[in-house]
Amino acid sequence: MFQPEDFIFHFNKEELPEQFTTTGEAPSNIAIVKYWGKKGLQISMNTSISFTLTKSKTITSVHAKKLSKPHDEVLFSFLFERKENPVFNKKLKDFFRRIEAYAPYIKNYKWHFESRNTFPHSSGIASSASGFAALAKIIMELEQKIRPENSPEFHLAKTSFIARLGSGSAARSVAGPVMIWGKHNEIKETSDNYAIVWNHLHKNFNTISDFIILVEEGTKQVSSTTGHALMQQHPFKEKRISIAQQRVIQTMNALETGDWEQFGKILEEEALMLHAMMMTSDPYYLLMKPETLKIIQSLWDYRKQTSIPVYFTLDAGANVHLIFPASYNNQIKDWLESDLKLDKNYISDYISS
Ligand code: DP6
């Protein structure tokens, strides 16, 4: 296991290449057991476990030119879908400051980033997860050029570590198919500092679909950052943490034994508990919309009628993720389009092991 100190980096400026050009990409992820509440700088209160998606990605190209001497602050320009975005610029500034000790060479370059998502921005898909994971990959690709002797284990752990400092859930977007982030006493190699790959999916989980129904597009009324902060004083904080720790173990068991029913139960319990935390924090708030509840109720009816193992989860928003074996793609598509009349208002993605 690595400690944050292991990621501190020292170099001579002669070691740095004059220019660096590359493209980095990373997918979004969907948590089964959710990261909700922080302690310290981007450390989760509880362990989380997630699926890494396949198609919903951020793709970022970069051109970096070495400066004659390092600048006090990282010099960069960042275009998202060909446009400057002040909110992103502020987030990036904070991110570069946080990673400075671990990737100090970033100050020796002038960076130009161009980034885009393969999914609609603000569709409620975690674009900060894929965005920061892509950036972490880019930075670590440069580090690999400077230190080719680094082991693949170190490289992956540090990439996740760097991504985490941008956005907590980004720690889980650097690899797949299943990632675990946060120290768990019963799971070896887990760390608060970075996520690890978990690769014991039963064949029943070979290809898993995630159809994301877009209930609400645009910026959420209450950001995840605010939601995390409200967990500090939450009356159910301790109980929430202990339940999450148990559920991570139960999730691993279900995924390893191929038990869709057990898996689906945890998935839905977690989605509802996440939103219950929001409804019971001070101040309280709601991110589900009437449409969200309608879809959940229709899903429960549909599952009862058909016995298809299709379950839902939610992120910190109103959109509904339908998770089911990919062999049911056609049935679910039919149901969404003919019965729910959703037509094009959903994104179909998948998780592959
Ligand atoms: C509900 O990773 O977006 O999606 O660390 O502040 O960037 P920051 O938060 P973020 O929180 C994600 C919360 C969640 C659950 C999850 O993905 O585990």
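Atoms within each ligand, like the ligands themselves, are counted from 1 in listed order. Just so we're clear, the structure is a prediction, and the values are computed from it rather than from any experiment.
Ion pair K107/E100 flagged as a salt bridge, since at least one NZ, NE, NH1 or NH2 atom sits closer than 4.0 Å to an Asp/Glu carboxylate oxygen. Using a 4.0 Å cut-off between charged nitrogen and carboxylate oxygen, R116 and E81 do not count as a salt-bridge pair.
When only modelled atom types and interatomic distance are considered, H155 and E153 share no side-chain donor-acceptor pair under 3.5 Å. A side-chain donor-acceptor contact under 3.5 Å links Y346 and E337. Judged by distance alone, the side chains of S61 and E114 never bring a donor and an acceptor atom under 3.5 Å apart. Under the 3.5 Å distance criterion, with hydrogens and angles disregarded, a donor-acceptor pair is assigned to the side chains of W300 and E268.
Nearest heavy-atom pair across S173 and S28 is OG-C, 3.6 Å.
Numbered from 1 in the order shown, with element, the atoms of ligand 1 that lie under 4.0 Å from a heavy atom of Q42 read 5 (O). Under a 4.0 Å criterion applied to the non-hydrogen atoms of A316, ligand 1 contributes the atoms 1 (C). Atoms of ligand 1 lying under 4.0 Å from any heavy atom of T225, numbered from 1 in the order shown and given with element: 6 (O). Within ligand 1, counting atoms from 1 as listed, the ones closer than 4.0 Å to a heavy atom of K38 are 5 (O), 6 (O), 8 (P).
Looking at ligand 1, you won't find any N or O of K34 less than 3.5 Å from one of its N or O atoms. Between G168 and ligand 1, at least one N/O pair is under 3.5 Å apart.
Residue contacts with ligand 1, taken as heavy atom pairs separated by less than 4.0 Å, involve A31 solely via side-chain atoms from C-beta onward.
Every heavy atom of R164 sits 4.0 Å or more from the atoms of ligand 1.
The closest heavy-atom contact to atom 14 (C) of ligand 1, among the options Y35, F132, W181, comes from Y35. Among S167, S44, S50, the residue whose heavy atom sits closest to atom 7 (O) of ligand 1 is S167.
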